[in-house]
Structure formats: C-alpha cells, structure tokens
Amino acid sequence: MLLAVLSGFFVALGLPLIIKVFKGPNTLWVSLFPLSLFIYFISKLPAIKDGETLSSSWAWVPSLGIGLDFYLDGLSLLFTLLITGIGTLVFVYTSSYLKGHIYLDRFYAYLSLFMASMLGLVLADNIITLFIFWELTSISSFFLIGFNNDNEASRKSALTALSITGLGGFFLLTGMVTLGYVAQEYQISALATLSEEIQANALYPLILVMVFVAAFTKSAQFPFHFWLPGAMKAPTPVSTYLHSATMVKAGIYLLARFTPILGNHEWWNGPLIIVGSITMVYAAIHAIFRLDLKAILAYSTISALGILVFLIGLGTDEALLAAGVFILVHALYKATLFLVTGIIDHETGTRDVSKLSGLNKVMLPVGIAAILAAISNAGIPASFGFIGKDLIYEATLHLGNMGYVLTGLAVITNVCLLFAGFLAGIKPFIGPLPPAFSKLHLPPATMWVPPLILASLGMVFGLFPMVVDTALIKPIVSSMTLGTPTFELKIWHGFNIVLLLSLLTIGSGIALYFILKPSEVLFAKATRFEKLSPESAVNQFAKGFVSFSSKWTNFFQNGYLRYYLITILSFLSLLLGYRLFYGVEIYVDTSTLSDITLYEAVIVLIMAAAIFFTVFSKSRLTAVASMGVVGYCFCLIFLFYSAPDLAMTQFSIDTLTVILFVLVLYNLPKYLTLSDTRDRIRDGLLSLIFGALISILTLEVMNETVTKDITSYYAENAYILGKGKNVVNVILVDFRGFDTMVEITVLAIAALGVFSLLKLRLKSIEKE
Amino acid sequence: MEILLVILIGLLYAAGIYMILRRSLVKLIIGLILLGNGANMLIFLLGKIVKGKPPIIEATGKALEGLYADPIPQALILTAIVISFGLQAFAIILVKRAYKVIKTDDLDEMNATDEDL
Amino acid sequence: MKTLIFKTASNYLLPLLLLFAVFILLRGHYLPGGGFVGGLIASIAFVIHSFANGLETTRKIIKFHPGFLMPVGLTIALVAGAAPWLFGMPFMTGLWMDEPIPVIGLVGSALFFDTGVFLVVIGVTLTIIFTISEGL
C-alpha cells in the first residue's frame with residue numbers, strides 16, 4: 001500500500017524524462033500506471049467487503065508521532081477507486097485532448113503527483129500525514145489549474161485556488177495539532193474510540209471550527225466557493241479530475257472520516273446542515289443562469305458538494321448512506337459531463353450553451369454518454385441517480401417537522417440541478433445542427449470512450465444496485481457509523497411520498513427546461529448580483545491590501561541605500577543605547593587584561609591613523625593603500641595574539657584585495673565628495689554613536705563568562721580523532737569539514753559571477 | 001591591550017558605517033571591508049586573547065594543555081576572511097560593470113530601473 | 001613594473017613560491033598553514049609572475065584556464081568527504097593510513113580534502129584576477 005501511494009511521486013519525477021526519451025505522438029501507454037493502481041485497489045474489494053480493513057505503516061518522524069500510516073476501509077476504498085478509476089480514464093482522454101502539446105510530459109507528471117497526493121490523503125491514518133497530503137493536493141492542483149501559464153486569467157485563478165485551499169490547510173493543521181494534543185493520539189483509526197473524551201474537552205469547538213474551515217475551503221462551500229468556477233480555466237481533463245471527482249471531494253472525505261470522531265454532536269450537525277443547505281441552493285440557482293458549459297457544471301458541482309455536506313451534517317444512518325451513494329453517483333455523471341464538455345470545446349471551439357445544438361448528428365456516441373449522464377443526474381427512474389435522489393429525500397423526510405423545510409430545499413436544489421444537467425448534457429445534442437458545425441466529425445475513440453464508460457456505469461449501477469450494494473456502499477457506511485448497516489439498495493420502493501417527490505422534481509425540472517431558455521439577458525441580470533458575492537468582497541479586500549502595501553512600501557523603500565541604513569542603524573542605536581543606559585552597569589575588570597607593550601600601542605596608533613586616512617583621503621589610491629595598512633596591522637595583531645594561521649591568511653588576502661582594487665580602480669571616475677557638509681555631519685555623528693555603542697557592548701560582553709565546552713572538546717580530540725596538531729586546521733578540514741566544503745563552493749560561485757559579469761560585458765560591447 | 005582593541009573596534013565600525021553611507025560605490029565597498037575587519041576583530045577579542053600560545057598541539061603532546069588561544073574564533077575568522085575576499089571581488093566587479101554601463105558610481109543616480117537607462 | 005630585475009626575480013620566485021605553497025598545504029595539519037593559505041600563496045606567486053612578464057606568459061605557463069581548478073578541487077574535496085561511505089561510515093568521517101609516508105607524514109582523507117580546498121582557492125583567485133586584468 002505504501003508503494004502504491006508513493007509510486008505516483010516517483011512516476012511524477014521520472015515521467016517527463018521517460019516521455020522525452022520515447023518521443024512518440026501517442027502517450028496512451030502512460031495510462032497503464034493509473035490502471036495498474038486501479039487493479040491493485042479493486043483486488044482489495046473482496047477483503048473490504050467481508051468487513052476487513054488493511055493497514056500498513058512506516059515510521060517517518062517517530063519522535064513527533066508522525067508516520068506514513070495507511071489504512072484502507074470502505075470509505076477510503078470508494079475514494080481510491082474513484083481516484084484511480086477516473087484517473088485512468090482521464091489519462092486516456094488526455095492523450096488525445098492534449099495531443100502534441102509541448103508540455104504534455106509535464107502535465108502527466110502533475111497529474112501523477114496529484115493522484116499520488118490524493119491517494120495518500122484518503123488512505124492516511126495519521127492526522128499529520130493527512131495534513132501533509134492535503135497540502136500536496138493543493139499544491140499539485142495549483143500547477144494543474146495554472147497549466148496554461150501564459151494566460152493571465154489562468155494564473156490568477158490558480159493563485160486564488162491556492163490561497164483559498166492553502167488557507168484551509170493552515171486551519172486543518174491547527175485543527176489536527178489541537179486534536180492530537182487533546183486526544184494524545186494521532187492515529188485516525190484509534191481516535192474513534194476516544195470520541196467521547198474529545199467531545200467533552202473544552203477545545204472541541206476550536207477543533208470543529210478548524211476542521212470545518214478546512215473542509216469548506218477545499219470542497220468549495222459557501223462562502224469559500226468562488227475559487228471553483230475560477231479553477232475552470234484549467235484544461236478540461238483537470239476540471240474533470242480535480243473539480244468533479246476527486247479534489248473537491250477531499251473536504252467531504254475529511255468530514256466523513258471525522259464523523260465517527262467528532263460527529264453526533266449538535267455543534268457538528270448544525271453548522272454542516274446550515275452551510276450545506278445554503279451552498280446547495282445558492283449554487284444551484286446560480287447554475288441555471290450560466291451560459292458557459294463549464295460554469296454551469298462548476299456551479300452544479302458546488303451545489304452537489306453542498307448536498308453532501310448537508311447529508312453528512314444530518315448524520316443519521318440514512319443520510320450517511322445517501323451521502324455514500326451520492327458521492328459515487330455524482331462522480332460518475334459529473335465526470336462524464338465534464339469530459340463531454342471538453343470534447344465539445346475541443347471540436348466546436350465554443351462552450352456557449354446558447355450556440356450549441358444538434359451535435360448528435362455528428363458525434364452520436366458522445367451524445368449518448370451525455371444524455372445518459374443527464375438522466376442519471378436528473379434521477380429518472382432506472383438510473384443510479386434515481387436511487388441517490390430517493391435516499392436523499394428519505395433521509396430528509398425522516399427528520400420530523402424540520403425535515404419538511406429541508407426536504408423543500410432539497411427539492412428546489414434538485415430541480416435546478418436537473419435543469420443544469422439537461423442544459424449541459426442534452427441541449428447541445430438535440431435540435432437542428434447549425435451549419436457551422438456540419439463539418440465536424442467524431443473525435444478519436446480515446447476521447448469518447450471514457451465518458452461513455454462512466455455514463456454506462458451510472459446506468460448499470462441503477463439497474464442492478466446489488467452490484468455495488470454489499471461491495472461498496474455498505475462498507476462505506478459502516479466506516480462512518482462504526483456499526484453494521486441494515487438496509488439494501490433497491491430500485492423500487494413502492495408507491496410512497498419519496499417517489500412522489502422524485503416525480504415532482506423530474507416534472508418541474510423538465511418544465512423549467514422548456515420555459516427557461518439560456519440567454520445573454522438572463523446571464524447579465526444574474527451577474528448584476530456579483531457585487532454582493534463573497535468573491536468580490538475578497539477581491540476588494542485584496543485590492544485594498546495591495547494599495548496599502550504599495551503606499552507602505554513607497555514610504556520605506558525610497559530607493560536610497562543610505563536612508564535604509566540610517567533607518568536601521570538609528571533604530572538599532574536607540575534600542576541598544578536605551579538598554580545600555582538603563583539597567584546595564586559597565587565595569588571593566590582590569591586584572592584580567594593583558595599589558596600594553598610599546599609596539600602594540602604603536603601598531604594600534606598606526607591603525608587609527610590609517611583608518612582616518614582611509615575615510616578622509618581625497619585620493620582613491622591613498623584610501624586603498626591606507627586600507628591595506630589597516631589589514632597588515634591586523635596581521636601583526638593576529639601574530640602577537642597566537643593566531644599564526646590568521647596572520648598568514650590575512651596577509652595574503654590583504655595583498656590580493658589591494659591588487660584587485662588597484663587593477664579595477666584604475667579607470668573609475670574621479671573620487672569625489674558627493675554629499676554636502678550637512679549630510680556628512682549627520683552621517684559622522686550616527687557612525688560615531690554606533691561605533692561607541694559597539695565598543696561599550698564589546699566591553700560588556702567581555703565580562704560575561706563564556707562556556708568553553710566546545711573549545712575544550714576540540715582541544716582534547718583534535719589529535720585523537722582528527723590526527724592533526726594544528727587545531728584550527730583540524731576544525732576546518734575535519735570537525736567542520738562540511739562548512740568548509742560549502743564555503744569553497746560559495747567561493748567558486750563568486751568567481752563564476754565575476755567571470756560572467758566581465759565576459760558578458762565584453763560580449764555586449766562586441767555586439768555594438 | 002583589550003581596551004585599546006575595543007576602541008579600535010569602535011573606530012572600525014564608525015569608519016565603516018560612515019563610508020557605506022557615502023554616495024560613491026567605491027567608498028561603499030571600502031566601508032564594507034572596514035566593517036568586516038571590525039567584525040573579525042570583535043570575534044577575535046571575544047574568544048579571549050592570549051599571547052604566544054597558538055592552538056597547536058606540541059610535538060610530543062596529545063592535546064592542548066594549559067593556557068591556549070581559542071581555536072574556534074580563529075577558524076571562524078579564517079573562513080570569514082576568505083569568504084569576504086570572494087564578496088569583495090564580486091562587489092568590486094559589480095562597481096566596475098555598473099560604471100561601464102551607466103557611467104557613474106554615484107548611488108543616487110542608480111535608483112532607476114533598467115528601462116530608464 | 002616590467003623592470004629587468006623584477007622580471008628575472010619573478011622567474012625564480014614562481015617555482016619557489018609554489019613549492020612553499022605546497023609545503024604550507026602539507027604541513028597544515030600539524031603547524032600553521034593549510035589549504036586556504038597555501039592556495040592564496042600559490043595564487044600570489046602567479047600574480048607576481050603575471051605582473052612581471054605579462055598575463056599571456058603566465059597563461060602559457062599554466063596551460064589551461066585556472067577556472068578548471070574549481071570543479072577539480074570541489075570534486076576532490078567531495079570525494080574525500082564521500083570516501084568513508086565505501087567503508088560504511090558517515091559522510092566526512094576521517095580516514096587515516098596506518099603508517100606515515102616519509103616527508104609528507106601521515107596521510108588521511110583530511111589531506112585530500114585540504115588539497116581540494118587548495119585547488120579551489122587557486123582557481124577562484126586566479127579566475128578573478130585574470131578576468132579583471134583582461135578586462136582592462
């Protein structure tokens with residue numbers, strides 16, 4: 001299992017290379033990778049069906065309780081099958097959709113990276129590992145959404161998606177750390193037994209808020225939903241994979257996974273029901289006014305996610321069952337519709353639903369897939385969607401008085417969703433074929449087969465629900481409720497109120513479809529409300545923040561180096577000065593100091609004079625020479641005070657520096673005094689103050705007793721361990737050899753920099 | 001002697017800072033070098049200076065014994081000296097190249113972006 | 001600066017200084033010296049020579065661009081650091097021969113590492129100075 005999860009990362013690394021080597025027009029073979037993972041996971045199906053769970057673990061950071069622990073139960077199995085199954089189809093689809101794209105290799109690498117992260121997320125059994133994979137999905141989806149990186153809108157929506165989901169990631173981390181702290185347990189499978197203690201803890205509400213924000217941002221719940229329509233700038237395979245079937249369901253997965261741990265509490269149920277129902281109604285109504293096929297699908301996806309959050313919020317066994325079924329139903333029909341939209345876009349060049357019709361005549365198999373998906377979406381009897389919708393109504397109806405309101409909301413949502421599904425799945429294919437499209441032909445099989453498979457599965461599961469009943473659905477519910485479920489999926493429940501509601505939904509949806517024609521006018525009316533949406537609030541905030549930042553920056557970043565320095569130094573001087581004058585007593589223990597011999601005093605005097613000349617000389621050569629004198633005096637001081645190595649090095653370096661200066665300064669401009677007297681006095685004062693502070697500070701530090709543990713360690717072991725007698729050299733080449741290694745690398749880089757700076761100059765002059 | 005060195009450090013810092021506050025790029029580099037020297041001296045002084053006892057194990061000995069100069073600041077300074085040489089060389093070349101391109105070494109004339117050149 | 005005395009002297013100084021540089025490098029582990037200082041001294045030797053005889057003459061003596069010494073030195077240092085891996089020890093563990101070699105003394109991986117440093121320093125210094133002299 002560990003290998004299955006991690007293989008995606010290796011594949012992502014190696015794939016660009018492999019594709020470059022096997023430069024062929026056909027990249028269909030890449031799909032073998034997700035396919036093999038799909039087969040691997042489906043082979044686990046019988047075991048899970050019998051109520052077993054599989055786990056594997058590998059210690060990663062044991063000291064922090066973090067391990068690559070993976071755990072496969074009903075819930076994660078459903079997700080792994082969706083991820084790898086739809087993943088395979090998306091890989092196949094991509095091989096035609098992006099055929100010949102120059103960055104196709106990169107695209108596959110991102111897809112594999114994403115798939116691996118997603119697998120890790122749904123299989124993780126450690127809450128910190130869960131967080132890490134959660135973040136990895138955010139990051140890899142950033143690359144996928146921004147895949148067309150030469151398009152500004154695409155970059156912007158990638159950034160929006162990353163900021164929103166990344167924000168959620170922070171919340172998740174906080175939530176998980178708090179949870180781990182409260183429960184003293186990081187294993188998800190073990191946390192469920194501690195659920196009562198966690199819910200009694202005072203930090204429980206905090207954990208809830210954190211988990212909610214994380215899930216809502218990832219699964220595009222109101223008011224964080226707006227990144228999802230924006231993310232539709234991504235290539236269609238990405239929209240299909242991330243934004244219908246997998247990534248947006250990560251939030252749902254999180255909620256479902258934590259239902260046995262945090263759920264069954266009014267603080268858990270209430271907010272989920274409220275947010276879920278707002279989202280489902282809000283987005284469903286939005287969906288019916290869109291013209292862009294992808295926008296319609298995006299909003300209907302948000303609405304479907306709202307339904308799922310809502311169902312998890314209800315928390316009854318029936319609702320959880322409905323959620324489990326609906327995840328599968330939705331993934332199947334929505335992925336189909338996205339893939340179909342991709343084909344339409346690819347072939348006709350437009351996604352405007354008001355311009356599309358009659359495509360059945362030129363691409364029948366695509367049309368069949370789309371219509372089947374629309375049927376499943378509509379919940380027309382005999383489709384899998386019908387079962388899903390039935391279960392939703394059943395779950396809401398059994399809630400007593402409040403249930404009627406919620407059922408009403410569910411009906412409204414479903415009517416709008418049905419309309420949206422018809423718009424996306426049926427409208428483009430029926431009616432007269434516009435002459436502009438008459439020359440179109442069927443795309444390659446790799447493009448139309450994947451949606452057809454998904455759509456047919458929706459029908460097969462609908463007609464024969466027993467196929468998925470015990471194998472998939474029951475284990476899901478039992479992993480959410482920790483009990484053994486006692487129901488059966490059926491097509492026919494007899495004549496009852498649920499059936500009536502279903503028929504009502506279908507009837508009014510179809511009626512709506514005939515009444516409401518998509519048009520620019522309606523779209524314009526709907527967009528007028530955009531100003532009030534959370535998206536524009538966030539945009540306004542971002543704009544305000546940017547303008548504030550630019551004002552702030554312009555004030556401080558004025559482009560004059562010395563003003564920066566003056567600001568920093570004045571602040572530092574004030575801080576240091578304050579501390580030194582209040583609260584620190586300065587005394588010097590003269591007994592420990594060494595004597596001043598005559599020649600030392602002379603050297604210090606020479607240095608002082610040399611410094612003076614360096615600063616105030618009017619001639620550049622004098623300044624450089626004086627600086628050299630300062631360096632040579634340093635040499636002597638090092639020599640007096642037992643540092644022969646330093647003396648030698650300083651001597652050589654000083655010589656080289658002066659040579660360098662002389663070589664370069666030969667033809668530089670006149671050495672002028674550029675600043676006026678007032679500036680010089682100001683700078684001089686500041687420098688003197690700072691210099692004095694440094695002196696005082698040095699005196700102060702000298703009085704501190706320094707622990708010499710490291711020194712004595714080196715002194716004792718230099719010969720024993722390093723076999724050397726020059727301790728300084730042993731430190732450089734042995735004890736701290738790694739530092740020296742890096743240091744010479746830095747030196748080499750500096751030399752390369754010098755070389756390229758001058759060679760570049762020569763070349764540019766040659767060009768002229 | 002320490003007192004003298006402390007004063008010297010203050011002097012080096014003051015001179016270095018004064019120089020980097022000048023408008024000329026050449027003075028800026030000289031200032032950086034002076035500052036670097038000051039910092040080296042500071043580290044050297046804080047390791048407690050000792051006369052005539054280099055951190056070298058005697059030919060017959062196995063470890064440093066008695067009073068000896070601290071090898072750690074020395075190793076640090078040695079590294080710092082060599083690295084600062086690389087830095088200086090790079091900075092000097094930058095000045096030279098900047099002067100070639102924009103014909104000035106006045107920092108105040110350099111705060112325009114490259115489009116304005 | 002191309003006086004006759006300087007020119008003649010520099011011709012003798014170059015091998016002497018180089019020898020001295022190697023000497024400083026080798027004794028570095030026991031007495032003051034080491035790769036850094038040795039490399040710097042060797043560079044100064046070449047720089048003096050180039051001042052006296054012109055850059056081209058010095059170039060001819062070195063035969064290849066000093067820049068190549070940088071990767072060579074880095075590789076030697078890295079190999080010296082990585083050699084302990086062969087013996088199942090961590091990176092940068094000191095390895096030593098049992099018996100000292102005459103003149104050079106006890107040889108260990110640290111000496112090779114220091115030689116790497118020595119070469120990089122020569123490469124860096126000469127690349128910088130030669131490049132600048134050329135640019136004039």
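Just so it is clear: chains get the letters A, B, ... in the order the sequence lines come, proteins before strands, and each one is counted from 1.
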Between [X] and [Y], which heavy-atom pair has the shortest distance, and what is it?
X	Y	result
B/Tyr68	A/Ala715	OH-CB, 3.4 Å
A/Ile653	B/Val82	CD1-CA, 4.3 Å
B/Ala15	A/Ile611	CB-CG2, 3.4 Å
A/Leu646	B/Gln74	CD2-O, 3.4 Å
B/Ala75	A/Ile731	CB-CG2, 3.8 Å
A/Ala601	B/Leu4	CA-CD1, 4.3 Å

With the side chain counted from C-beta on, respond yes when [X] and [Y] share a heavy-atom pair under 4.5 Å apart, and no when they do not.
X	Y	result
B/Ile56	A/Val727	no
B/Tyr18	A/Leu686	no
B/Lys27	A/Thr614	no
B/Ile17	A/Asp683	no
B/Leu11	A/Phe612	no

Exercise for the section: Dump the intermediate steps for side chain to side chain contact (heavy atoms under 4.5 Å, CB included) on A/Arg736 and B/Leu76, then the final yes or no. Expected result: CA-CA 10 Å; A/Arg736 308 296 310 166; B/Leu76 286 177; over 6 Å; no
What option among [options] has the most heavy-atom pairs under 4.5 Å with chain B?
options	value
A/Thr597, A/Ile694, A/Leu697	A/Ile694
A/Ser712, A/Ala750, A/Ser695	A/Ser695
A/Val701, A/Leu569, A/Val728, A/Leu565	A/Val728

Which portion of [X] sits near chain A, non-hydrogen atoms under 4.5 angstrom:
X	result
B/Leu34	side chain
B/Leu5	side chain
B/Ile33	side chain
B/Phe44	side chain
B/Ile7	backbone

Practice task
Mark yes or no for whether A/Ser642, through its side chain, and B/Val50, through its backbone, hold a donor-acceptor pair below 3.5 Å.
Solution key: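 Yes; judged by distance alone, with no hydrogens or angles, the pair exists.
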To the nearest 0.5 Å, how far apart are [atom1] in [X] and [atom2] in [Y]?
X	Y	atom1	atom2	value
A/Ser687	B/Tyr13	OG	OH	13.5 Å
B/Leu8	A/Thr698	CG	OG1	11.0 Å
A/Met627	B/Asn37	CE	CG	8.0 Å
B/Leu78	A/Glu743	CG	CD	8.0 Å
A/Phe638	B/Asn40	CZ	CG	5.5 Å
B/Ile49	A/Ile637	CD1	CD1	8.5 Å

Practice task
Please check if atom OH in A/Tyr563 has more than 12 non-hydrogen atoms from other residues, nucleotides or ligands closer than 6.0 Å.
Solution key: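 Counting neighbours around OH of A/Tyr563, more than 12 heavy atoms of other residues, nucleotides or ligands fall under 6.0 Å, so yes.
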Handout entry: Residue A/Phe640 excluded, over 12 heavy atoms near CZ under 6.0 Å
Key =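 Result for CZ/A/Phe640: enclosed.
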Practice task
Apply the test side chain to side chain contact (heavy atoms under 4.5 Å, CB included) to residues A/Phe634 and B/Leu12: give CA-CA distance (whole Å), side-chain angles for both, the deciding distance (0.1 Å), then the verdict.
Solution key: CA-CA 12 Å; A/Phe634 250 95; B/Leu12 280 169; 3.8 Å; yes
What part of [X] gets within 4.5 angstrom of chain B, counting heavy atoms only: side chain, backbone, both, or neither?
X	answer
A/Leu688	both
A/Val604	both
A/Thr740	neither
A/Val630	side chain
A/Ile710	both

Problem - Test side chain to side chain contact (heavy atoms under 4.5 Å, CB included) applied to A/Leu699 and B/Ile3, step by step - result: CA-CA 8 Å; A/Leu699 276 181; B/Ile3 303 290; 4.1 Å; yes
Practice task
Begin with the C-alpha distance, continue with both residues' side-chain angles, and end with the deciding distance and a verdict on side chain to side chain contact (heavy atoms under 4.5 Å, CB included) for B/Phe90 and A/Leu757.
Solution key: CA-CA 9 Å; B/Phe90 194 75; A/Leu757 267 179; 4.1 Å; yes
Fill in the blank from the handout: For residues 646-656 of chain A, the side-chain hydrogen bond (donor to acceptor under 3.5 Å, both in side chains) pairs (sequence neighbours left out) are A/Tyr632-A/Thr655
Fill in the blank from the handout: Sequence neighbours excluded, the answer for salt bridge (Lys or Arg N to Asp or Glu O under 4.0 Å) partners of B/Lys53 is none
